[in-house]
Amino acid sequence: MRERPLSVLWLQSGGCGGCTMSLLCAESPDLPMLLETAGIRLLWHPSLSEETGAEAVELFERILSGAEPLDVLCVEGSLLRGPNGTGRFHVLAGTGRPTIDWARDLAAVAGTVVAIGTCAAFGGITAGGENIADACGLQYEGTQRGGALGAEFRAREGLPVINVAGCPTHPNWVTETLMLLAENTLTATDLDLYQRPRFYADHLVHHGCPRNEYYEYKASAEKPSDLGCLMEHMGCLGTQAHADCNTRLWNGEGSCTRGGYACINCTAPGFEEPGHPFQQTPKFAGIPIGLPTDMPKAWFVALASLAKAATPERVRRNAAADRIVVAPTVRPTRKG
């Protein structure tokens with residue numbers, strides 16, 4: 001049992017602030033109630049706290065001196081190393097110091113460091129294209145370990161950076177991570193290969209997708225408004241994306257695929273540069289290059305062929321329509 005509330009400091013670096021916007025949508029309970037009941041004390045957040053300017057800098061200095069304990073440092077947005085390694089593309093207002101330097105210093109005294117969103121975890125959108133800002137994640141640069149803090153970094157409690165990846169993150173991924181830290185129950189074995197919390201990363205977006213019947217029969221959407229599976233033609237990576245978006249719904253009812261949009265695998269390093277338009281499926285000899293996780297190509301080809309041959313007319317027609325055009329047949333329930 002903790003003797004005091006878990007203290008959390010939140011920095012925003014090179015990003016859009018979307019993860020904070022998502023966090024504010026936490027519900028049942030809402031964010032303030034959750035923090036209070038979970039024993040989490042938000043020391044400072046640039047968008048949510050009253051303190052600003054000299055008051056915020058004074059808090060940072062107290063933390064660095066040891067006068068104010070820091071249990072968790074949360075960083076949202078990628079870290080900007082440019083130009084030429086100086087970090088001066090992003091200077092923390094009023095301090096004259098690059099934000100990346102503040103992040104490194106605060107990480108060195110924090111009990112645990114949490115990357116909030118794919119930008120902070122792996123570089124994300126900010127690191128796309130030519131990456132003229134030399135953006136990176138806290139402990140990763142794409143799929144490569146390193147980043148702003150270095151591959152061997154461990155926070156005071158012994159954990160590497162916890163990568164709560166997503167663009168943006170689901171609010172519950174953030175709050176559940178903080179609650180586990182408040183209870184001292186999150187360990188290194190609870191993180192996956194890319195240091196994402198396994199409570200959501202051990203799932204696939206495919207799980208619970210309402211288009212799964214169409215997927216099973218390989219009855220595919222041909223344009224954005226169609227009801228069919230988005231994998232074959234529309235670029236959906238839900239069968240490969242590590243997240244529980246269709247079982248832990250957004251705002252209680254939504255997800256990308258439920259809204260008619262292909263999953264772009266935003267919890268993965270490098271998602272921002274797939275090498276093709278997001279809503280197109282690259283293929284070789286008519287077979288999608290990106291196959292479902294754990295499925296050999298030969299199995300997929302064989303199963304797809306059988307599934308398409310067995311597709312009911314109802315499923316086939318509905319897949320290429322923007323509404324149900326053929327309803328399921330009503331049949332009496334058999335007994336015995």
Side-chain angles (χ1 to χ4, degrees), residues 15-35 37-38 40 74 76 114-121 124-125 162-180 186 190-192 194 196-216 219-221 224-231 234-268 271 278-279 292-293 315 318-319 321-324 328:
C16 65
C19 290
T20 288
M21 295 297 291
S22 177
L23 182 64
L24 291 175
C25 292
E27 54 187 1
S28 300
D30 59 27
L31 181 62
M33 178 66 72
L34 185 145
L35 296 177
T37 57
I40 299 170
C74 291
E76 175 184 5
V114 181
I116 305 293
T118 300
C119 286
I125 293 290
I162 299 170
N163 290 324
V164 186
C167 191
T169 54
H170 191 294
N172 290 5
W173 299 346
V174 178
T175 56
E176 191 166 327
T177 298
L178 293 177
M179 286 190 290
L180 290 171
L186 196 151
D190 297 314
L191 306 178
D192 78 348
Y194 289 122
R196 300 171 295 196
R198 293 178 58 187
F199 66 77
Y200 80 87
D202 277 0
H203 299 266
L204 295 174
V205 172
H206 181 62
H207 299 160
C209 179
R211 297 170 184 256
N212 277 351
E213 182 181 32
Y214 298 106
Y215 168 81
E216 291 166 2
S220 300
S225 60
D226 289 349
L227 299 179
C229 179
L230 300 167
M231 174 196 166
M234 304 301 296
C236 186
L237 299 175
T239 58
Q240 305 166 52
H242 289 259
D244 56 6
C245 299
N246 275 305
T247 53
R248 187 198 301 257
L249 300 181
W250 295 69
N251 297 320
E253 61 182 37
S255 73
C256 291
T257 59
R258 288 169 188 256
Y261 295 91
C263 170
I264 59 175
N265 198 11
C266 72
T267 62
F271 89 93
F278 281 123
Q279 291 197 309
T293 296
V315 176
N318 289 340
D322 64 359
R323 68 201 68 188
I324 299 295

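Treat the numbers as computed from the prediction; the structure is a model and nothing was measured.
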Backbone N/O of Val174 and side chain of Thr169: donor-acceptor pair under 3.5 Å
no
Would you find a donor on one side and an acceptor on the other, under 3.5 Å apart, between the side chain of Glu76 and the backbone of Ala120?
no
Partners passing ring-ring contact (aromatic ring centres under 6.0 Å, His included) against Phe271 (at least two apart in sequence or in another chain)
none
Distance from Cys25 atom SG to Asp30 atom CG, nearest 0.5 Å?
11.5 Å
How long is the span from the CG atom in Asn246 to the NE2 atom in His207, to the nearest 0.5 Å?
10.5 Å
Minimum heavy-atom distance Arg258-Glu253, with the two atoms named
CD-O, 4.1 Å
So Cys74 and Leu178, do their side chains get closer than 4.5 Å, heavy atoms only?
yes
Greater than 12 external heavy atoms within 6.0 Å of Tyr261's OH
no
Applying side-chain contact (heavy atoms from CB on, under 4.5 Å), run through Tyr214 and Met231 and close with a yes or a no.
CA-CA 10 Å; Tyr214 298 106; Met231 174 196 166; over 6 Å; no
Quick check: do Trp250 and Cys245 have side-chain heavy atoms less than 4.5 Å from each other?
yes
Any luck finding a side-chain donor-acceptor pair between His206 and Asn212 under 3.5 Å?
yes
Taking Asn163 for its side chain and Ala165 for its backbone only, find out whether a donor-acceptor pair lies under 3.5 Å.
no
Look up atom CG in Leu34 and atom OG in Ser28, then write down how far apart they are to the nearest 0.5 Å.
10.5 Å
Taking C-beta and beyond as the side chain, do Pro197 and Asp190 meet within less than 4.5 Å on heavy atoms?
no
Should Thr293 and Leu204 count as side-chain neighbours, where that means a heavy-atom distance under 4.5 Å?
yes
Determine the minimum heavy-atom distance between Cys263 and Ala241, stating which atoms define it.
SG-CB, 3.5 Å
Between the CD1 atom in Ile125 and the SG atom in Cys266, the distance rounded to the nearest 0.5 Å is 9.0 Å
Taking C-beta and beyond as the side chain, do Leu230 and Tyr215 meet within less than 4.5 Å on heavy atoms?
no
Do you know the tightest heavy-atom contact between Gly166 and Thr118?
N-OG1, 2.8 Å
Under the 3.5 angstrom rule, does the side chain of Ser225 hit a backbone N or O of Asp322 as a donor-acceptor pair?
no
Between the side chain of Arg211 and the main-chain N/O of Thr257, is any donor-acceptor distance below 3.5 Å?
yes
Would you compute the distance between atom CG of Leu227 and atom OG of Ser220 and round it to the nearest 0.5 angstrom?
12.5 Å
State, with a plain yes or no, whether a side-chain heavy atom of Tyr194 is found less than 4.5 Å away from one of Thr267.
no
Do Tyr200 and His170 have their ring centres less than 6.0 Å from each other?
no
For a 4.5 angstrom cut-off between non-hydrogen side-chain atoms, does Leu191 reach Arg196?
no
CG-NE2 distance between Asn265 and His242, expressed to the nearest 0.5 angstrom:
7.5 Å
Please give me the minimum heavy-atom distance between Met234 and Ala262, naming the atom from each residue.
O-CB, 3.3 Å
Please check if the side chain of Thr175 supplies one atom and the backbone of Pro171 the other of a donor-acceptor pair under 3.5 Å.
yes
Residue list, side chain to side chain contact (heavy atoms under 4.5 Å, CB included) with Asp226, at least two apart or on another chain
Ala221, Glu222, Lys223, Ala320
